[in-house]
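The block underneath contains the structure these notes are about, expressed in structure tokens.
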Amino acid sequence: MKLISPWAATAQSDIKNSAVLLEKRFLDYTFTLHNAGSSVWIVSTAANGSKLGFRAAFGLDCDFEVLELNERDTGCTLLLQTSIGRYKVAVDFPDTENTILHYKATFTPAIPVVIPFWPKDIVPLTEKGSIENTTATIHLHQAGTRSGLLFASTSSPKKGSFLYFQNLTALSDYCNATETSLAETVGGEWPEIGFSLPVSKEKAIAAATDYVVSDAYVLFSPEVPSDDIAISKQYLNHLAAIYSVIPKPDTKYHDWLTTSKTALNDLTFNKGCWTYTKGRPYLNAYLCDYKTPAEIMVQLSVLYAVHEYAQWTGESFPVIDEIKGGLQSFYDDKLKTISRWLPSQRGELDESEEQKKAMTMDSWYLHHPLMNLSKLALDGDKEAKDLLLDSIDYAIKVAHHFNYEWPVFYKMDTLETLKAETVPGSGGEKDVAGGYAHLMINVWKVTGEKKYLNEALKAARKLRDRGMNIFYQANNTAFSALAMLRLYRETKEELFLDISYLCIAGIMKNVQLWECNYGNAVNFDNFFGIFPLNDAPYKAAYEEMEVYAALNDYIKEAVAIKAPILPSVMLLLPELVRYSVSRLPGYYPPLLPEDILSDEVKTGEVDPKLWIPVEDLQDGWEQHGQVGQEVYGAGVGFGVVPRQYVKIEEGDFILFTDYPITSFTKAKDGSLGFTIIGSENFTSRLILLANDDKKTLRNIKVSLAKGDKDSILTSARSSPKSVEYDVTGGQKIILRF
């Protein structure tokens, strides 16, 4: 039997017995507005009769008096009075092509008020039966401080689906007043679901002050997705539509060129970044963590990031040779593979965590360093190629042993499963098959041996059955998406594009599409932040950087091979890139107030003046850097520079864009052309940066190609050494100098 609260149990009769204040028909849906005493409801009715009720305002058990109702073509505004304050409810339909309902409620209390309870704002409605007898499937909902959304489909008494999105950014004033968090505020159990305002029994909201208490967007569809791939596509399409109409914060330009130089210097010369074993230097995982033996993943993560940066600058950095000099020490001659921990130091592991045991392997940790070795090998590094090929047979043996379905932990020497699942019934590390496929594609390219491509295909096909729960760790899920695109390029099988959508949907349900403007989080940007794990309470620098890099590459490669990617994906991913470039500097301690950094650090130390990112950015009421300052995340800027900056040798300047761009084409007249990849509905930055002084920029003309003619762009902003333009996705840009 379904258990429901009195506020849900009485909703249907309250609505039925109330007068209709207003009726609006929009596209194929009818919407009615009701004053039902202590709640104002909006009822949506689909063409098939499916009905849902949305509590647009809750009077805190006081009845509403309608003071004013102003109707517009696109909606209405309702002014209400209760015995404890006034409400303003605005209703509109912000998209002419999609059935999106938007309602926003603002409460102005007459006296200071504490709010100890707030009901969910969505209930199903029936013609004759009770809401307890309705059925639906909730495909996903908010976890932690991720986006305030809920995606569900109803099956009885009528079929339909909807994506609900609560714009949590708008509620920051309330949270600042009550010192509450917006974590876990959107969810519930059918038939009582949606958003609940976080409650406070101790902190009151102030009198005569406006507080937004709900800002909801709902997209309706008569279609019910039939399987996980259909769910992922519909979710991405719906999310893109809602994303297009919600308010979004501005981005900022950050000087990644200077940051990367400073970070490289700190990485190279700060003693806390390094440990020495048998006279050889190795990178610590965390600043000043000398207790934990060196890890291969740490060495190769930083090495490849610095390698990419070195390729862009054309310089050689000593830190590259320092790291490379220690890689062979990780090779285990008995197992015939690189090991997570230095084999000579395994005995020093303190076993304080599950994975800190001599022969314990976390499944993704085997493939991740091999993946970085394969990328170095593809760039011509012979030592990396040799170490890769000496280890690859072991990785294949493990894959075959587990039939491409990896557990969380296994024993390296016996392949005994030590931990099959993170949570009973949830499965192991589901996206490892995609990381393995990514690795095997690279090894195939390195060797030309098709057996590795066949391995990639076998692993990739296993991902089909992982469904919307494919996401285990964000960066591995992003690598999986990129691998699926590359397999599509080789096979033209639509299956692999579909699996890439499963991966991207998994990432998109683990992002934060709202700005946390309360507590400590006001000191850095949060919008489009990416969480590393399904249950992680914080955003993490290293995983965010790798997701950004992999999905940036996904977009560019998709355009290059003219893959028929969903338009919603090509809208969302460039936006993820744009916000990542603006937001990732927030991990650097010198850009954060020292008093928001944690005094207690789980691993190592945090140096507030060091340009090495903290691992964790938490909810607004938490301190940040609680986990530590992650040396293996030092490559954040090294990954951004080669993807967003282009050196234009002919013109002696540097081009920056915060959207991805296509490859340059050179015309007969010497001009350079490229296209901004992204939605034409959003504005991005294009900046010309002078190498020496601004004089070099005076003779550069930036034009927008329009058919056979060009239109010279006017700069939006400028500084002593830069000129900035506002451009949109899809525009073809011509540079003449």
Side-chain angles (χ1 to χ4, degrees), residues 251-261 308-315 548-549 551-553 555-557 559-560 573-585 636-680 682-706 710-737:
T251 58
K252 306 180 189 75
Y253 172 71
H254 178 77
D255 183 2
W256 284 104
L257 299 175
T258 299
T259 292
S260 296
K261 289 180 181 179
E308 279 195 308
Y309 178 62
Q311 284 187 312
W312 186 88
T313 63
E315 300 176 56
Y548 147 80
L551 295 183
N552 196 323
D553 296 347
I555 300 162
K556 292 178 180 177
E557 292 186 26
V559 170
L573 294 192
E575 284 289 285
L576 179 149
V577 167
R578 183 166 72 96
Y579 277 100
S580 294
V581 173
S582 173
R583 185 177 43 73
L584 284 170
V636 169
F638 309 144
V640 171
V641 169
R643 288 174 174 80
Q644 309 303 143
Y645 292 84
V646 182
K647 291 193 287 186
I648 310 295
E649 305 291 352
E650 298 94 329
D652 192 30
F653 68 94
I654 295 172
L655 175 75
F656 168 86
T657 62
D658 55 10
Y659 257 1
I661 61 174
T662 60
S663 298
F664 280 77
T665 57
K666 190 170 184 177
K668 292 180 180 179
D669 64 359
S671 63
L672 298 178
F674 61 92
T675 301
I676 308 290
I677 305 173
S679 170
E680 63 183 11
F682 307 130
T683 301
S684 64
R685 278 186 177 81
L686 187 157
I687 305 177
L688 307 184
L689 299 160
N691 286 323
D692 295 317
D693 59 65
K694 194 177 178 181
K695 292 179 181 178
T696 62
L697 303 179
R698 291 177 183 172
N699 297 322
I700 302 169
K701 291 183 179 179
V702 180
S703 301
L704 178 63
K706 292 184 176 181
D710 294 348
S711 172
I712 295 178
L713 286 177
T714 302
S715 63
R717 288 160 292 279
S718 65
S719 70
K721 293 188 66 174
S722 69
V723 181
E724 182 173 340
Y725 301 85
D726 291 335
V727 294
T728 65
Q731 290 182 328
K732 183 175 181 181
I733 307 298
I734 307 295
L735 301 177
R736 290 187 174 88
F737 35 82

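The first residue of the sequence shown is numbered 1, and numbering continues consecutively from there. None of the values given here were measured: they were computed from a predicted structure.
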**OP:** Check side chain to side chain donor-acceptor pair (under 3.5 Å) between Asn699 and all other residues, then give those that pass, not counting sequence neighbours.
**Re:**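 By the side chain to side chain donor-acceptor pair (under 3.5 Å) rule, Asn699 matches no residue at all.
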[X] side chain vs [Y] backbone, donor-acceptor pair below 3.5 Å:
X	Y	answer
Thr662	Thr675	yes
Lys556	Ser663	no
Arg643	Val577	no

Original post:
Which of these passes side chain to side chain contact (heavy atoms under 4.5 Å, CB included) with Ile677: Ile555, Thr657, Leu573?
Top reply: Ile555
With a 4.5 Å heavy-atom cut-off, do [X] and [Y] have their side chains touching?
X	Y	answer
Phe656	Val581	yes
Leu713	Ile733	yes
Tyr725	Leu704	no
Ile687	Val723	no
Leu672	Glu650	yes

Original post:
Taking atom types as modelled, is there a side-chain donor on Gln644 or Tyr659 under 3.5 Å from an acceptor on the other?
Top reply: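 Result is no, nothing qualifies.
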Subject >> Crowding at CD, Glu680 (>12 non-hydrogen neighbours, <6.0 Å) >> reply: no
Original post:
Does NZ belonging to Lys732 count more than 12 external heavy atoms closer than 6.0 Å?
Top reply: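 Check fails, neighbour count at 12 or below.
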Subject >> Lys/Arg N to Asp/Glu carboxylate O, Lys701 vs Asp710, below 4.0 Å >> reply: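 Looking at Lys701 and Asp710, the cut-off is not met.
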Subject >> Nearest atoms (heavy-atom pairs only) where Leu697 meets Ser722 >> reply: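 It is CD1-CA, 3.9 Å.
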